[in-house]
Engineer: 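Sending over a structure as structure tokens; questions will come in a sec.
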2 protein chains.
Amino acid sequence: MRDDDTNTPAANLAVRTSANANARDAADAAHKPRRKASIRASNETHLLTCAEAVFAERGFEGASTALIAERAGLPKANLHYYFPTKLALYWRVLDDVFEEWNAAADTFDASDDPVIAIGGYVRAKMALSRRRPLGSKVWANEIISGATHMQDILLKQVKPWMESRVQLIERWIDEGLLAPLDPKTLLFMIWATTQHYADFEAQIRALAGKRALSAASFEATTEEVVKMILRASGARSPAG
Amino acid sequence: MRDDDTNTPAANLAVRTSANANARDAADAAHKPRRKASIRASNETHLLTCAEAVFAERGFEGASTALIAERAGLPKANLHYYFPTKLALYWRVLDDVFEEWNAAADTFDASDDPVIAIGGYVRAKMALSRRRPLGSKVWANEIISGATHMQDILLKQVKPWMESRVQLIERWIDEGLLAPLDPKTLLFMIWATTQHYADFEAQIRALAGKRALSAASFEATTEEVVKMILRASGARSPAG
DNA sequence: GTCTATATGCTGATAGAC
DNA sequence: GTCTATCAGCATATAGAC
């Protein structure tokens with residue numbers, strides 16, 4: 001590993017955003033056509049999409065830059081022009097996935113009614129599993145492999161989020177709005193159950209049939225999951 | 001892929017068992033020392049143990065026979081002497097994992113009381129996650145990657161088991177011993193939640209601390225999970 | 001910005017001496 | 001049954017012509 005530890009996914013995220021902005025500014029300032037920057041942007045996003053699929057299917061070590069480039073319809077050297085190393089490309093994919101995880105996490109704070117907060121969060125996580133299963137699989141692969149490239153995100157972003165949500169859940173328990181339970185166990189159960197519909201797609205398809213993952217069926221399953229999680233947590237609304 | 005479809009994990013399992021028996025018989029019949037057969041057996045099990053760890057960490061494509069052999073302290077050629085191809089070795093690992101999955105599945109039939117049956121099954125799955133997390137990770141990796149090497153096991157063994165358990169759950173619902181729910185969603189929730197403690201070990205360690213996976217803590221967590229799953233399913237004992 | 005050609009090392013698997 | 005030496009192919013990454 002030649003990269004120093006400032007080049008983490010989170011650090012990369014910041015770099016990327018400002019780098020893109022700088023590229024556009026430079027093009028504008030020189031009165032050059034915006035074309036180059038937009039070719040770059042579209043090639044980068046296309047490569048990221050293909051990389052997400054290959055990393056999901058084969059994990060970091062199993063994925064090859066040749067296969068990613070082939071799926072993107074670009075020569076391998078072109079991939080290395082945009083992303084210097086396979087690891088840099090991987091970190092960008094992890095970043096993108098975490099951004100969506102974060103957006104879903106916000107729905108937890110939509111209300112101080114645990115029925116609405118927990119129900120809404122479960123629905124958001126289920127929707128994410130359906131909309132972007134590949135991203136969830138990349139995340140899962142990374143953690144199964146020991147989460148070596150994600151320690152920073154886990155410790156600096158996910159952990160604080162979890163800890164404040166644990167306090168919120170404990171308050172709800174004190175107020176009698178939730179059954180006495182271990183908050184972390186509840187959160188892990190929500191993550192496990194909702195992400196299962198993305199990560200274990202292939203097993204669900206084999207066991208429950210292709211229809212099980214159709215739009216209508218998935219929506220019904222989502223409501224089943226919401227119902228069961230709410231029952232598991234013993235949630236009730238403050239008013240009632 | 002040069003192997004024909006009779007060489008599936010399930011087929012391999014049968015072959016292995018009889019092959020081992022034959023090897024022992026032959027040695028006994030020829031009055032040769034038992035040594036050779038037991039060297040074979042011990043090398044094979046050792047290689048299987050190391051292979052399980054490497055496949056868990058890196059997935060099938062990411063794992064290399066060189067690394068597996070190195071961890072086993074054997075030359076790579078020796079590995080290929082016992083297991084002709086990487087795929088054959090992988091299938092044997094999948095078999096072993098499935099055997100344990102199957103043993104845990106039996107606990108579901110320990111009683112006709114859903115509180116005992118479901119609670120016991122959850123405890124068995126949690127115990128398995130703790131005792132053999134690497135096996136669970138291999139299974140998870142395989143399914144995330146599309147379950148291409150497990151279609152037979154899923155369709156011929158897991159699916160029938162699931163379908164008969166679905167009928168049992170439906171009967172319990174009819175008898176008023178479970179809340180009205182979709183049985184498959186309940187089973188998926190049990191699998192997802194219990195396997196989470198094996199597959200997402202690294203995340204749990206990062207978020208909840210190393211202590212979270214200690215023996216005492218894990219036992220407490222198991223009871224939390226049992227409590228929440230039973231509440232989610234609305235289970236009650238027939239007598240009460 | 002694109003892409004052919006190539007460097008360097010690792011991959012699964014085998015040959016054949018011991 | 002063990003293991004060194006080696007194969008052909010694929011891995012990541014780069015050089016340099018266009």
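Lettering follows sequence order; numbering is per chain, from 1.
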Engineer: In terms of side-chain geometry, is the basic nitrogen of E100(A) or R131(A) positioned less than 4.0 Å from the acidic oxygen of its partner?
Structural biologist: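 Judged by the 4.0 Å cut-off on N to carboxylate O distance, E100(A) and R131(A) do form a salt bridge.
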
Engineer: Starting from C1' on dA13(D), measure out to CG on L89(A) and report it in whole angstrom.
Structural biologist: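 Those two atoms, CG and C1', are 14 Å apart.
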
Engineer: Enumerate the salt bridge (Lys or Arg N to Asp or Glu O under 4.0 Å) contacts for residues 153-162 of chain A, please, sequence neighbours excluded, ordered by first and then second residue.
Structural biologist: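 Applying salt bridge (Lys or Arg N to Asp or Glu O under 4.0 Å) to every pair that reaches into residues 153-162 of chain A, excluding sequence neighbours, yields D152(A)-K156(A).
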
Engineer: For F108(A), check ring-ring contact (aromatic ring centres under 6.0 Å, His included) against everything at least two apart and list the hits.
Structural biologist: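 Checked F108(A) against ring-ring contact (aromatic ring centres under 6.0 Å, His included); matches are Y121(A), W161(A).
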
Engineer: Over its full length, what angle do the end axes of the helix from dG1(C)-dC18(D) to dC18(C)-dG1(D) make, each axis taken from five pairs and the result rounded to 10 degrees?
Structural biologist: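 Overall, the helix from dG1(C)-dC18(D) to dC18(C)-dG1(D) bends by 0° from one end axis to the other.
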
Engineer: Please state how far atom CG in L47(A) lies from atom C1' in dT2(C), giving the value in whole angstrom units.
Structural biologist: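 After rounding, the gap between these two atoms is 13 Å.
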
Engineer: Is any side-chain N or O of Y82(A) closer than 4.0 Å to OP1 or OP2 of dT2(C)?
Structural biologist: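 Looking at the OP1 and OP2 atoms of dT2(C), one of them is under 4.0 Å from a side-chain N or O of Y82(A).
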
Engineer: Donor-acceptor pairs are to be reported for all side-chain atoms of residues 49-62 of chain B against protein atoms at under 3.5 Å, with residues two or more places apart or in another chain.
Structural biologist:
{"unit_1": "T49(B)", "atom_1": "OG1", "unit_2": "T45(B)", "atom_2": "O", "d": "2.9"}
{"unit_1": "E52(B)", "atom_1": "OE1", "unit_2": "R132(B)", "atom_2": "NE", "d": "3.4"}
{"unit_1": "E52(B)", "atom_1": "OE1", "unit_2": "R132(B)", "atom_2": "NH2", "d": "2.6"}
{"unit_1": "E52(B)", "atom_1": "OE2", "unit_2": "R132(B)", "atom_2": "NE", "d": "3.1"}
{"unit_1": "E52(B)", "atom_1": "OE2", "unit_2": "G135(B)", "atom_2": "N", "d": "3.1"}
{"unit_1": "E57(B)", "atom_1": "OE1", "unit_2": "R71(B)", "atom_2": "NH2", "d": "2.9"}
{"unit_1": "E57(B)", "atom_1": "OE2", "unit_2": "R71(B)", "atom_2": "NH1", "d": "3.3"}
{"unit_1": "R58(B)", "atom_1": "NE", "unit_2": "G62(B)", "atom_2": "O", "d": "3.2"}

Engineer: Can you list every pair that meets salt bridge (Lys or Arg N to Asp or Glu O under 4.0 Å) and has a residue in residues 188-216 of chain A, with sequence neighbours left out?
Structural biologist: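 Checked against salt bridge (Lys or Arg N to Asp or Glu O under 4.0 Å) - neighbours excluded - the pairs reaching residues 188-216 of chain A are K137(A)-E201(A), E201(A)-R205(A).
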
Engineer: Would you mind building the protein contact string for nucleotides 3-12 of chain C? One character per nucleotide, 5' to 3', B for base within reach (heavy atoms under 4.0 Å), S for sugar-phosphate only, - for untouched.
Structural biologist: BB------SB

Engineer: Expressed in angstrom and rounded to an integer, what is the separation of E70(A) atom CD from dC10(D) atom C1'?
Structural biologist: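 It is 13 Å, rounded to the nearest whole Å.
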
Engineer: Residues two or more places apart in sequence or in another chain: which of them pass side chain to side chain donor-acceptor pair (under 3.5 Å) with R165(A)?
Structural biologist: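 Applying side chain to side chain donor-acceptor pair (under 3.5 Å) to R165(A) gives D109(A).
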
Engineer: List the residues meeting salt bridge (Lys or Arg N to Asp or Glu O under 4.0 Å) with R123(B), not counting sequence neighbours, and say none if there are none.
Structural biologist: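 Salt bridge (Lys or Arg N to Asp or Glu O under 4.0 Å) check on R123(B) returns E223(B).
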
Engineer: Can you run down the salt bridge (Lys or Arg N to Asp or Glu O under 4.0 Å) pairs that involve residues 80-90 of chain A, sequence neighbours left out, and say none if there aren't any?
Structural biologist: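 Output for this query is empty, none listed.
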
